[in-house]
Amino acid sequence: MLKVYNDLTNKKEEFIPIEPGKVSMYVCGMTVYDLCHLGHARVMVVFDVICRYLQAIGYKVTYVRNITDIDDKIINRANKNDEPFSELTERFIQAMHEDEDALGVLRPTEEPRATTHISEIVAMVESLLEKGHAYVGSNGDVYYSVGSFDGYGKLSGKTIEDLRAGERVEVEQEKRDPLDFVLWKAAKPGEPSWESPWGEGRPGWHIECSAMSTCCLGDTFDIHGGGADLTFPHHENEIAQSEGATGHKFVNYWLHNGFVRINEEKMSKSLGNFFTVREILNSYRAEEVRYFILTSQYRSPLNYDNEHLDNARGALTRFYTSMRGLPEVEPAGAERYREQFTAAMDDDFNTPEALAAMFDLVREINRTRKSDESAAAAMAAELKEMGSVLGILQGDVEAFLRGEATGDDALSDADIDSLIQQRLDARKQKNWAEADRIRDQLQEAKILLEDGAGGTNWRRG
RNA sequence: GGGUGCGUAGCUCAGUGGAUAGAGCAUGGGAUUGCAGAUCCCAUGGUCGCCGGUUCGAUCCCGGUCACACCCUCCA
């Protein structure tokens, strides 16, 4: 039985979809004015794994993740670059897709963009106006009237009084209440804009998610996800908008992932202490980054540290080493580990615990392979299948362990094979000094040799 | 100040109302190896933040307290 931690109730709850066998899920995606950083990667990987697991246990998942392709930051960046905003966003959408692909993140079912859903957004704003949840300011902005919505604060656990007490924003003159937020922003001269009943303008940030999620998944859907910083105000406002407009419950389960931290500080664009996915992929393999993300439960903070990425390499090496040299056969023989794995994932997608189950299986494979290679191979196939739910261990075993030659003076595979052959000859003659010299020489080049019963394996360390 | 979490092995993290609290890495020993590596076995290592309550029994539930993080402003 799958249980998920629901931020709406602050409890772990049994997951019951609206429609048996199907799951509708919406995740707040990127604002595309810059490259993805590790925080974005975490959202992508976490919800990718959630989606994969839901599919693995038999659900047909409709996974929608939006792209915010119009907002202040985009306009500012485009102005700074002196280019049309749409060129900027196209470029970073493409970059985002490249990063996702690199990280093995499966594409969502749909990736709606704000600029292609203006009519749905306008329709929702109109509906909110009709129902008395919104008003038009004299400057042409349309605002949501927070006080008109009874349930405001139910997701973030705040009350309107608390919010007033913590008020830190300059009051905008047009707003009737400082807590009100903009639904439709009137265009200033030269800004990109769309027609609306209230004049030329563009959507506010919160309304696009309400409009697009409702449009793609219906008034009520199963799961809404995103980073923890979106809980308030973004998701709170989405609830107010959607429930205000449709009169129906918006979302049954709210899931938020924790932050990536670096040096005990939140990694964020405003602090400028972020690593882009690309930078990290210069030093580490995508699978290592993915593994690193999965070593913590999705709601917990994730501390960035090179040492942790190095550990990821070690752990994956252990996984791949257990599969090395075994034939590809039908999975079998790992029932108890599979149960352990499923129990972990059923418990709010507990990937660290799921990985522990896989480590237990690795030991079992290594124990078994000495006496019964075909049984070990079947278990290795089980391991690979579990890995597929997490999006790891799908690569070629030898390719992973041997890695890629880097640098101009790096040895080619052929060079290495030739040196290994020379060493084998030396060993046959019990010329240990020469054998060890070759091994040390290879080790200088980060090539580690492993003598076994079936010959000598090598890997890059 | 308000909200939401969290505090478990040296590090990163799991877990549980009850018998010796687990994993990976790290450390020590053994097996294997020409030596190593990989692997297996064993071991070291935790007063489960602190105080109190409920209970036959709490690390786990409840209350309080301290520390930390995030949110209350754009942010994944």
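Below, read A as the first sequence line, B as the second, and so on, with proteins coming before strands; counting in each chain starts at 1.
- Exactly one residue among K12(A), R299(A), K3(A) makes a salt bridge (charged side-chain N to carboxylate O under 4.0 Å, His left out) with D347(A). That residue is K12(A).
- Checking C40(B), G2(B), C70(B) against the side-chain heavy atoms of K266(A) singles out C70(B) as nearest.
- Checking G24(B), C71(B), G34(B) against every side-chain atom of W432(A), the shortest atom distance belongs to G34(B).
- In this entry the distance linking CD of E236(A) with P of G3(B) reads 15 Å, nearest Å.
- Between R363(A) and the phosphate of C41(B), there is a side-chain N or O to OP1/OP2 separation shorter than 4.0 Å.
- With hydrogens and angles left out, the side chain of K73(A) and the base of C75(B) share no donor-acceptor pair within 3.5 Å.
- A donor-acceptor pair under 3.5 Å is absent between the side-chain atoms of D7(A) and the main chain of N10(A), judged by distance alone.
- The CZ-P distance, from F275(A) to C75(B), rounds to 23 Å in whole Å.
- Here R324(A) does not reach the OP1 or OP2 of U39(B): none of its side-chain N or O atoms lies under 4.0 Å away.
- Candidate nucleotides C35(B), A23(B), C72(B) were compared by shortest atom distance to the side chain of D451(A), and C35(B) ranks first.
- Summarising the geometry, the separation between OH on Y5(A) and P on G5(B) is reported as 4 Å, rounded to the nearest angstrom.
- Place Y298(A) and E450(A) on RNA chain B by their nearest nucleotides, and Y298(A) ends up nearer the 5' end.
- Atom CZ of F92(A) is separated from atom P of A76(B) by 14 Å (rounded to the nearest Å).
- N303(A) has a side-chain polar atom (N or O) that falls below the 4.0 Å cut-off from OP1 or OP2 of C13(B).
- Remark: the N350(A) side chain and the C13(B) base include no donor-acceptor N/O pair separated by less than 3.5 Å.
- Annotation: side chain of Q443(A) is in contact with side chain of L448(A) (closest heavy-atom distance under 4.5 Å).
- Residue D347(A) is in sugar-phosphate contact alone, with no base atom involved, counting any heavy-atom pair closer than 4.0 Å across all strands shown.
- Of the residues L294(A), L255(A), N257(A), the one that meets the side chain to side chain contact (heavy atoms under 4.5 Å, CB included) test with F349(A) is L255(A).
- Between the side chain of R439(A) and the base of C35(B), at least one donor-acceptor pair of N or O atoms lies under 3.5 Å.
- L230(A) places its CG atom 16 Å from the P atom of C70(B), with the value rounded to the nearest Å.
- We find that NZ of K158(A) is positioned 14 Å from P of C70(B), with the value rounded to whole Å.
- Between W205(A) and C75(B), a side-chain N or O to OP1/OP2 separation shorter than 4.0 Å is present.
- Side-chain nitrogen and oxygen atoms of N366(A) include at least one within less than 4.0 Å of the OP1 or OP2 phosphate oxygen of C40(B).
- The residue among F259(A) and T159(A) whose nearest nucleotide of RNA chain B is located toward the 5' end is T159(A).
- Pairs of Watson-Crick or G-U wobble type, with distances under 3.5 Å, assemble into runs of 3 or more in RNA chain B at these ranges: B:1-5 with B:68-72, B:10-13 with B:22-25, B:27-31 with B:39-43, B:49-53 with B:61-65.
- Remark: N282(A) CG is packed, more than 12 non-hydrogen atoms of other residues, nucleotides or ligands lying under 6.0 Å away.
- Not a single donor-acceptor contact under 3.5 angstrom links the side-chain atoms of D162(A) to the base of G1(B).
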task = Please assess D141(A) against K175(A) for the test salt bridge (Lys or Arg N to Asp or Glu O under 4.0 Å), listing each intermediate value before the final yes or no.
result = CA-CA 9 Å; D141(A) 285 357; K175(A) 288 186 188 175; over 6 Å; no

task = Apply side-chain contact (heavy atoms from CB on, under 4.5 Å) to R459(A) and K446(A), showing your working.
result = CA-CA 8 Å; R459(A) 63 189 168 92; K446(A) 303 266 192 225; over 6 Å; no

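- Each of R290(A), R42(A), R65(A) was scored for a salt bridge (charged side-chain N to carboxylate O under 4.0 Å, His left out) with D48(A), with one residue passing: R290(A).
- Here G5(B) presents its P atom at 4 Å from CG of N10(A), a figure rounded to the nearest Å.
- T295(A) comes within 4.0 angstrom of the backbone, heavy atoms only, and of no base.
- Nucleotides A67(B) and C51(B) place their C1' atoms 15 Å apart, quoted to the nearest Å.
- If you check distances only, the side chain of R42(A) never reaches the base of A76(B) with a donor-acceptor pair under 3.5 Å.
- Of the listed nucleotides (C71(B), A76(B), C40(B)), C40(B) has the atom at the smallest distance from the side chain of R367(A).
- With P as the reference atom, G37(B) and A26(B) are 12 Å apart, rounded to whole Å.
- Under the side-chain hydrogen bond (donor to acceptor under 3.5 Å, both in side chains) criterion, the residue pairs touching residues 319-329 of chain A are E287(A)-Y320(A), R324(A)-E398(A), with sequence neighbours excluded.
- Side-chain N/O atoms of R261(A) include none lying less than 4.0 angstrom from OP1 or OP2 on U12(B).
- For P352(A), taking side-chain heavy atoms from C-beta onward, the closest of the listed nucleotides C40(B), C13(B), C75(B) is C13(B).
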